[in-house]
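Atoms considered below: every heavy atom in the structure, side chains included; atoms not considered: hydrogens, waters and symmetry mates. Just so you know, these numbers come straight off a predicted model, no measurement behind them.
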There are 2 protein chains.
Amino acid sequence: MTDSEHYQKLKLELRRGVLILAVLAELREEHYGYSLRKNLMTKGLEIDEGTLYPLIRRLEKQALLTSEWREEGNRKKRFYRLSEIGEKTLEKLTKDWQQVESTLNNILQ
Amino acid sequence: MTDSEHYQKLKLELRRGVLILAVLAELREEHYGYSLRKNLMTKGLEIDEGTLYPLIRRLEKQALLTSEWREEGNRKKRFYRLSEIGEKTLEKLTKDWQQVESTLNNILQ
DNA sequence: TTTTATACTGTATGGCAAATAGTATGTGTG
DNA sequence: CACACATACTATTTGCCATACAGTATAAAA
């Protein structure tokens, strides 16, 4: 593996845990998969479909999300939003994130 | 799996990518494994030996670190520090981190 | 009207990495 | 001498992200 490939991998690792938190936060409001993805990308977080959909599935299986098929604009879409457990989890993880953030910034400086 | 186990997992995910960055940053100054670990823990980052040592090995294999056996205080220890490539990588990853940080905070708020 | 873009939703698999749970030995000290 | 702490390392398990694959449906452009 080349240096640059190694670097890419490390960069990916860095994004990793953040994805979950971003998705949970975004789903405080209802979204369907595509709009969720577009939204995250607008805010600067690129995420592939093949990454996003399995992630959503996992979060739903853990009961952090609920979903519903519905028709909108002549099209069936699957709408997701945070469950109550999801909200609680998001709160906790947000605090954890702030902790991690300050710890790391402390180490980096 | 229980809710709380799920939460723990997500929390771990959140820490994950950060570990690499923390270790690299800490190794701007020379450390041996044990002192590195103690140091990180003092600064608020818990890391198990079974996580730390393989991580160091990987980073060394990727040429981001150099290591050296040396005797100190009647004891042989393996000392690690950043290589030049490691320094460059740390710089880049630090920037990536700041990017991730601001993106996520943007999404969270 | 055929092509092309884009909206939209997934699945399978492979590789990587963290966590867990060990093994080992040395040294200081009460 | 027992016990805690210092120090280093490995094997296995588990989970998940990324990549690639695989589709349907509608709108716009040619």
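Using a 4.5 Å heavy-atom cutoff, the side chains of B/Leu36 and B/Ile56 are in contact. Between B/Leu64 and A/Asp3 there is no side-chain heavy-atom pair separated by less than 4.5 Å. Residues A/Thr89 and A/Gln62 have side chains not in contact (no heavy-atom distance under 4.5 Å, counting atoms from C-beta outward). Contact annotation: the side chain of B/Leu27 never approaches that of B/Leu59 to less than 4.5 Å [non-hydrogen atoms, C-beta and beyond]. B/Ile20 is not listed as a side-chain neighbour of A/Leu14, based on a closest heavy-atom distance of 4.5 Å or more. Residues A/Ile107 and B/Asn39 have side chains not in contact (no heavy-atom distance under 4.5 Å, counting atoms from C-beta outward). Side-chain atoms of B/Val100 and A/Leu45, non-hydrogen and from C-beta on, never get closer than 4.5 Å to each other.
Sparse packing is recorded around CD of A/Glu84, with 12 or fewer heavy atoms of other residues, nucleotides or ligands lying under 6.0 Å away.
Sorted by first and then second residue, the pairs that involve residues 14-33 of chain B and meet salt bridge (Lys or Arg N to Asp or Glu O under 4.0 Å), not counting sequence neighbours, are A/Glu13-B/Arg16, B/Glu13-B/Arg16, B/Glu26-B/Lys43, B/Glu30-B/Arg70. Applying the salt bridge (Lys or Arg N to Asp or Glu O under 4.0 Å) definition to pairs two or more places apart or across chains, those involving residues 45-62 of chain B are B/Arg37-B/Glu49, B/Arg57-B/Glu60. Listed by first and then second residue, the salt bridge (Lys or Arg N to Asp or Glu O under 4.0 Å) pairs involving residues 94-103 of chain B are A/Lys11-B/Asp96 (not counting sequence neighbours). Sequence neighbours left out, the pairs with a member in residues 59-97 of chain B that pass ring-ring contact (aromatic ring centres under 6.0 Å, His included) are A/Trp97-B/Trp97, B/Tyr32-B/Phe79.
For A/Ser4, the side chain to side chain contact (heavy atoms under 4.5 Å, CB included) partners are A/Thr2, not counting sequence neighbours. Partners of A/Thr66 by side chain to side chain contact (heavy atoms under 4.5 Å, CB included), not counting sequence neighbours, listed by chain and number: A/Arg81, A/Ser83. In this structure A/Thr42 satisfies the side chain to side chain contact (heavy atoms under 4.5 Å, CB included) test with no other residue, sequence neighbours excluded.
Of the candidate nucleotides C/dT9, D/dA8, D/dC9, D/dC9 has the atom nearest to the side chain of B/Tyr80.
Contacts between residues 38-56 of chain A and DNA chain D, defined by a heavy-atom separation below 4.0 Å, involve A/Asp48, A/Gly50, A/Thr51, listed by number. Within residues 87-100 of chain A, no residue approaches DNA chain D, by heavy-atom distance under 4.0 Å. Near DNA chain C, defined here as any heavy-atom distance below 4.0 Å, the residues from residues 2-10 of chain A are A/Lys9, listed numerically. Listed in residue order, the members of residues 13-32 of chain B having a heavy atom less than 4.0 Å from DNA chain D are B/Glu13, B/Tyr32.
Atom NZ in A/Lys77 sits about 9 Å away from atom C1' in C/dC8, given to the nearest Å. Atom P of nucleotide D/dA25 and atom OH of A/Tyr34 are separated by 17 Å, given to the nearest angstrom. As a whole-Å value, the separation of B/Leu59 CG from D/dC9 P is 14 Å. A straight line from NZ of A/Lys61 to P of D/dT14 spans 16 Å, rounded to a whole angstrom. The CG-C1' distance, from A/Leu36 to C/dA7, rounds to 14 Å in whole Å. Rounded to whole Å, the distance from CD on A/Glu72 to C1' on D/dA25 is 16 Å. Note: NZ (B/Lys11) to P (D/dG15) measures 19 Å, nearest angstrom. Protein atom NZ of A/Lys76 is 13 Å distant from nucleotide atom P of C/dG10, rounded to whole Å.
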Please enumerate all protein N or O atoms sitting under 3.5 Å from an N or O of nucleotides 26-30 of chain C, with distances to 0.1 Å.
residue, atom, partner, partner atom, Å
C/dT27, OP1, B/Asn74, O, 3.2
C/dT27, O4', B/Arg75, NH2, 2.7

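Between A/Arg57 and C/dG10, a side-chain N or O to OP1/OP2 separation shorter than 4.0 Å is present. Phosphate contact (OP1/OP2 of C/dC8, side-chain N/O of A/Arg78, threshold under 4.0 Å): absent.
B/Ser35 places no side-chain N or O within 3.5 Å of a backbone atom of B/His31 that could act as its donor or acceptor partner.
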